[in-house]
Amino acid sequence: MTIRVIIVDDQAMVRAGFAALLSAQADIDVVGEAPDGRAGVAVARSTHPDVVLMDVRMPEMDGLAAARELLSPPAGVVHRPKVLMLTTFDVDDYVYEALRAGASGFLLKDAPPADLIAAVRVVAAGEALLAPSVTRRLIADFAAQRPAARKGPALRLNGLTPRETEVLELIARGLSNQEIAEHLVLAEQTVKTHIGRVLGKLELRDRAQAVIFAYEAGVVRPGDAGQ
C-alpha cells in the first residue's frame, strides 16, 4: 500500500528536499505541500494524506494549531491523518502539547534521510515515533510544570493489571520494546501484546499518548526519568 504524505513547512527548500527524498521511495507518494499551518489543513482536507509532516514554527498558523485542527476536526470531517511534527530542537516548547493533541511524535529536521523515510513508515503503520532519549527529556523538562497527578487518569489505572502498569511505567521512562523485554525477562512479542492491551484499556491512540498519560497519572515523576 502506498503511503500518502503532505509536507507543511514555511521553508521552500525543506519542502523540496523532503519531497524529493520521499517521492523516490516506491511505497511513498507526496500528494501535496503547504507553506503554513492554515494552508496545510486545507491541503490535508482535500488530499486525505496518511501522514502529515508538520513544521512546528510557521506563520499564519503554527504547527501545533494545525495539528489540533487535523486531529480534532469539526463535525462532518471524518479524515484524520497521522501527524509527525518537524522541529529544529530535540525538545521544543510545542512538542509536549502537540503530543497531547494527538500527534504521533516528532522528528528533527536535521535527522539523516534514512530516519525521515523510516519515520514516515512507522507513523503510517500506526506506531508512535518518540525516541527514548527524547521521552526521558520530555518527562524531565515538563513534569516539573505539572507536579500533581490528575485524578481522572489516576483512576483509569485501576483497569490495568500489575504487569500492564509496569509496562506503562517503563514506556514512560523511555525504554524501547526490546529494553522492556530485557528488563522484565519477557519475549518482545509479549511486550507488544501488553502495550496493545494498555493502549486499548486506557483508550490511548499510541505510545506517545501513553507517555503523556503515565506522566499525568503520576506513574512517573521528574526524578524517575532515565532511571
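- Residues forming a side chain to side chain donor-acceptor pair (under 3.5 Å) with E166 (at least two apart in sequence, or on another chain): R163.
- Side-chain contact between I171 and V198: absent, with no pair of heavy atoms (C-beta onward) separated by less than 4.5 Å.
- Between L168 and L157, the closest side-chain pair of non-hydrogen atoms falls below 4.5 Å.
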Worksheet item: Does the pair V8 and L53 meet the rule for a side chain to side chain contact (heavy atoms under 4.5 Å, CB included), with working shown?
Response: CA-CA 6 Å; V8 185; L53 292 179; over 6 Å; no
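- Residue pairs meeting the ring-ring contact (aromatic ring centres under 6.0 Å, His included) criterion with at least one partner in residues 178-207, sequence neighbours excluded, do not occur; the list is empty.
- For A24, there are no side-chain contact (heavy atoms from CB on, under 4.5 Å) partners, not counting sequence neighbours.
- Distance check: D10 CG to D62 CG gives 11.0 Å after rounding to the nearest 0.5 Å.
- Closest approach of P35 to P59, counting heavy atoms only: O-CD, 4.4 Å.
- Not counting sequence neighbours, the partners of L199 by the side-chain contact (heavy atoms from CB on, under 4.5 Å) test are I195, L204, A210.
- L71 approaches P81 most closely through the heavy-atom pair CD2-O, 3.4 Å.
- Contact of the V191 side chain with the L170 side chain is not registered, since no non-hydrogen atoms from C-beta on lie closer than 4.5 Å.
- Note on residues 70-84: no pairs pass side chain to side chain donor-acceptor pair (under 3.5 Å), not counting sequence neighbours.
- Note on residues 182-204: pairs passing salt bridge (charged side-chain N to carboxylate O under 4.0 Å, His left out), not counting sequence neighbours, are E164-K201.
- Closest of all the heavy-atom pairs between V31 and T47 is O-CG2, 3.7 Å.
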With a 3.5 Å cut-off and sequence neighbours excluded, list the donor-acceptor pairs that the side chains of residues 36-46 form with protein atoms.
| residue | atom | partner | partner atom | Å |
| --- | --- | --- | --- | --- |
| D36 | OD1 | R38 | N | 3.0 |
| D36 | OD1 | A39 | N | 2.8 |
| R45 | NH2 | E69 | O | 2.9 |
| S46 | OG | A42 | O | 3.4 |
| S46 | OG | V43 | O | 3.0 |

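- Rounding to the nearest 0.5 Å gives a distance of 12.0 Å between CG of L116 and NZ of K109.
- Rounding to the nearest 0.5 Å places CG of D115 at 10.0 Å from CG of D110.
- Here the side chains of L160 and L202 are in contact, with some heavy-atom distance below 4.5 Å.
- Contacts classified as side chain to side chain donor-acceptor pair (under 3.5 Å) and involving residues 23-33 (residues at least two apart or in different chains) are given here: R15-E33, D27-R121.
- The closest side-chain heavy-atom distance from D55 to Q11 is not below 4.5 Å.
- Atom OG1 of T2 is separated from atom CD1 of I28 by 9.5 Å, given to the nearest 0.5 angstrom.
- Here the straight-line distance linking atom CD1 of I180 with atom CD of E169 works out to 10.5 Å at 0.5 Å rounding.
- In this structure, the side chains of L86 and V56 stay at 4.5 Å or more apart for every pair of heavy atoms.
- Two residues are said to be in side-chain contact when any heavy atoms from C-beta on lie closer than 4.5 Å; F18 and D9 fail this criterion.
- Across all non-hydrogen atoms, the minimal contact from I7 to A19 is CD1-N, 3.4 Å.
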